[in-house]
Amino acid sequence: MKELLSGNHAIAEAVRLSKVQFIAAYPITPQTPIYERISQMVSDGTMDAHMMRAESEHSAMAACIAASMTGVRVFTATSSQGLALMHEMLHFASGNRVPIVMACVNRVVAAPWAFGSDQTDTLSQRDTGWMQLYCEDGQEALDTVIQAYWICEKVRIPAMVIIDGFYTSHFIEPVEVPTEDEVDRYLPLPSLPNRFQFSDPAFLTNVVDAYQYTEFKRRLFEDLRAAKEVVREADRRFEEIFERSYGMVEPFEMEGAECAIVTSGSITSCARIAVRRLREKGFGVGLLKVKLFRPFPSEELREHLKDIRRVVVIDRNLSAGKGGIFWDEIRSALYSMEARPLVFGYIGGLCGEDVPPEMIERCIIRCMERKKMEDLPEWMHGMST
Amino acid sequence: MCLSYEDLVPVSRSSTEVFKTGLWGKKRPLYREGIGPCRQACPCGIDIPSVLSFVSKGDFDRALGQILLENPFPGICGRVCYHPCELSCNRGRLDETVSVRSIERAVSDYGKASPVRLSRTKPKSVAIVGGGPAGLSCAYFLLSMGHKVSIYEKDQAIGGVLRYGIPAYRLPESVLEREIERLLSMGPDVHTGVKVDGSLLNELLLAHDSVFLALGLEEPRRLDIEGEKRDGVYYGLPYLRGERPIVGRCKHAVVIGGGDVAMDAARKLLREQPTAKVSIYAPEQFDSLPALKENLEEAMEEGIEIRGGLIPVSFEGDGRVQKVRFVDVKVETDPVAGQRRFVRGKEAMDVEADVVVICAGQVPRTDFLPSQILDERGLVRCDRYGRTRMARLFAGGDIVGFKATVADAIASGKRAAMAIDMDSHSGEPPDIPLLGNSLLPSFSHYLGIDRKETGKVLAFEALNTIPVPFSAAFRPEKERPGQRRKDFREVSKGFREKEAMEEAGRCLSCGLCKGCDLCFLVCPDVAIVRKDLKVFSVKDDYCKACGVCARVCPCGVLEMVDRE
């Protein structure tokens, strides 16, 4: 049944449908409505779960790790500074192979202090060993949370389900909320071991030597790469039951295109409109939405971009001193191609600045003139026509 | 994909005991019980946290036993004490102080226990002159230590000011009898109706090893103003003692004074003369009256008008007193001698009165005593162990010019009892550890049955109050003011057992281990070992001196000290 839900509330509904048993969190804008809605559902008995209000995000993640080690299904949500504060514990989570699902609502990381959407908070956690799934709207967020539990518990690696602050988190749209029965069919109760056994006491996270350390890290690396197959399988199974699927990357109007826009998150929706208009004007432009960022879908990108001459990557994030992070990652993934396309980076929409279809159109038209790749990105901010 | 956690993450099943984390630290926690500020403030030195701990568990018997180690009269002090314990209670820094005095009363009402009795092969024989609180306290502690005691009392019954000075609405007779009975059960020789004079004192000194003088003060201080001898002019203590009852109806009674005797005289008058208007006029300003706060508040609730800053200059009338002339007065403290003096103003005021009760304090009647032990005011001069300038002659209570309260009288009797027991008659003071910065040794420390560190007084800052939820104090109910004038029934109704238990549970237990196990639970190195319900020790091999245990201790018992 379709319901009018904000992206935040859609995620909370997914948490309920996934029969999460333990939630530890700390409120932070723009994630707080997730926390509030779950808290309400636990309080009124709609959800049978333990809700723990931690004293900080660091503690919230620590509690989630410990809870997950007992074999229960665990959820938390955060944004921006909260995610930054969690950083240390994120490594503990992946290192301990706990299948936690965390909703991350993108928001700039201070300073300067601000609230708008910006992927730099989650992309700063790129190397923590977590999976990252970027969602375009509330429906995708709801579906991805449910999928994420299936994936995480299969591969025993935690995952972030990421949406844009305010654009996705607070916009209210019609969202198809599946029934409990449907979700139960897709996602059975977790079958994770309780790693704390009184009969067999053990010390977890003990000290290891360099050889052991490298072995465990290589195992995580391999399992994370192998997780791509599980992501694909999760999406395929999801489609069977719910008749919706997303893919790791989603091609849009890519047939016969010579130029591809690459986006992630909510900017994708505007890019879809821009692509349609450009096509009407006769430009051979398509769109590729990157949903899965870790593990990185290099092969899939190469496959989709093999006949493309120009790639325009729009990044709502910034690695100061380098450029957009998706741009950087995509260039590196395409480098092994024999006939490489030109890959242009555009920085836009920082702190939630609007990136309307007209602006994307202008960028593409101007880009058509560009003959060679640059080391530095272009700034959409303040760009004149 | 192999998903056994044994392959995915490191797990250790060997013991961490090989890591001697204790080598890292230069400090270690020391488990050392101390004393609460309440106990330091209590003239009797009662181990209040221990008492409250027993009460909170409903064990009124052991609570009473604990009090009886330090105070022979919990029923009396539980009603009339000025409770400095409550004024210094650390809980006041958190929300409200614990109602210690009302709990003490409940302990005496609901508990059953006997005083400590030691036997002794060579008991001393001690004569006590005066059966008031100081004399009876000295007798009690001497009897406790196995000595022989003979009490000489000029009245027909022992009790002194407890019996004759405090009206029943504050201290019912049955309570007094119960406490006196407990003392008598310890077997003193009691001689009542015997007025000790110079020759009898000499006889007592010859017949006994020591003599303890606790004569009290009972000669009313006269104002020496015009009309003081008129009919209708009375003095506080003789009136309270019933020596000079007020005959006939009185219309307007004026009580002069600002202390508890004035409050009690006025409140007694109110009950005896149901139609009279009763007013109190005190030389001190209203906000600095010396009377006990409760006594003052209750007097006002009962309709007694109290005015401060006035002093009488004459009692006028045609034969019988008809009016009192007052002038305004300022109380100044002599910056050198520290004594108070009244500086009279010029504004006169007449107050109609057909009964005047002067409560200006009492003076000693000590002319029969050897002059070498007296000071210029006629008080007995002694040191803080009650030792006078005459060997074997000790003194205590009001006669030594000590703070004139029941609790302080008890304290002076106790200290003299210890000095007598030690055969310390002159010279260097006895080597007895004192409770904190008070001048008082506790009897339980003296007997060696209390090992709490007397020098460690727990400040609020030394406690971890984070686990303590806020809660308001319970105060016992009182008889409605409208009812009180009808009889001499006790005004305060005291705690029921449950109420006392709950209120006692509010004690922060300063310096007294509650056995909460927090130290044991938080130690990251499992270095704290629980030996008993409440006794902890530290494994030096593993304590790395992080100090968490000391920081979380709600009672301030654990402290970090340098490792030897």
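Chain letters run A, B, ... following the sequence lines, proteins first, then strands; residues in each count from 1. None of these values were measured; they are calculated from a predicted model.
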Undergrad: Check whether more than 12 heavy atoms from other residues, nucleotides or ligands sit under 6.0 Å from atom CZ of Arg32(B), and answer yes or no.
TA: yes
Undergrad: How long is the straight-line distance from CG of Asn206(A) back to OG of Ser14(B), given to the nearest 0.5 Å?
TA: 7.5 Å
Undergrad: Measure across Tyr5(B) and Arg156(A) and return the closest heavy-atom pair with its distance rounded to 0.1 Å.
TA: OH-CD, 3.0 Å
Undergrad: Quick one: does Arg195(A)'s side chain get under 4.5 Å of Val11(B)'s, heavy atoms only?
TA: no
Undergrad: How far does CG of Leu220(A) sit from CG of Leu8(B), to the nearest 0.5 angstrom?
TA: 9.0 Å
Undergrad: Looking only at heavy atoms, which two atoms of Val9(B) and Gly95(A) are closest? And how far apart?
TA: CG1-O, 3.2 Å
Undergrad: Given a strict heavy-atom distance threshold of 4.5 Å, which part of Pro201(A) is in contact with chain B: side chain, backbone, both, or neither?
TA: backbone
Undergrad: Taking atom NE2 as the centre, does His91(A) end up with more than 12 heavy-atom neighbours from other residues, nucleotides or ligands that are less than 6.0 angstrom away?
TA: yes
Undergrad: Is atom CZ of Arg236(A) surrounded by more than 12 heavy atoms (other residues, nucleotides or ligands) closer than 6.0 Å?
TA: yes
Undergrad: Once side-chain contact (heavy atoms from CB on, under 4.5 Å) is applied, do any residues pair with Leu90(A), and if so which ones, sequence neighbours excluded?
TA: Met61(A), Leu83(A), Met86(A), Met102(A), Gln125(A), Thr128(A), Trp130(A), Met160(A)
Undergrad: With a cut-off of 3.5 Å and sequence neighbours excluded, list every side-chain donor-acceptor pair involving residues 520-528 of chain B.
TA:
unit_1, atom_1, unit_2, atom_2, d
Asp525(B), OD1, Thr21(B), OG1, 3.1
Asp525(B), OD2, Lys544(B), NZ, 3.2

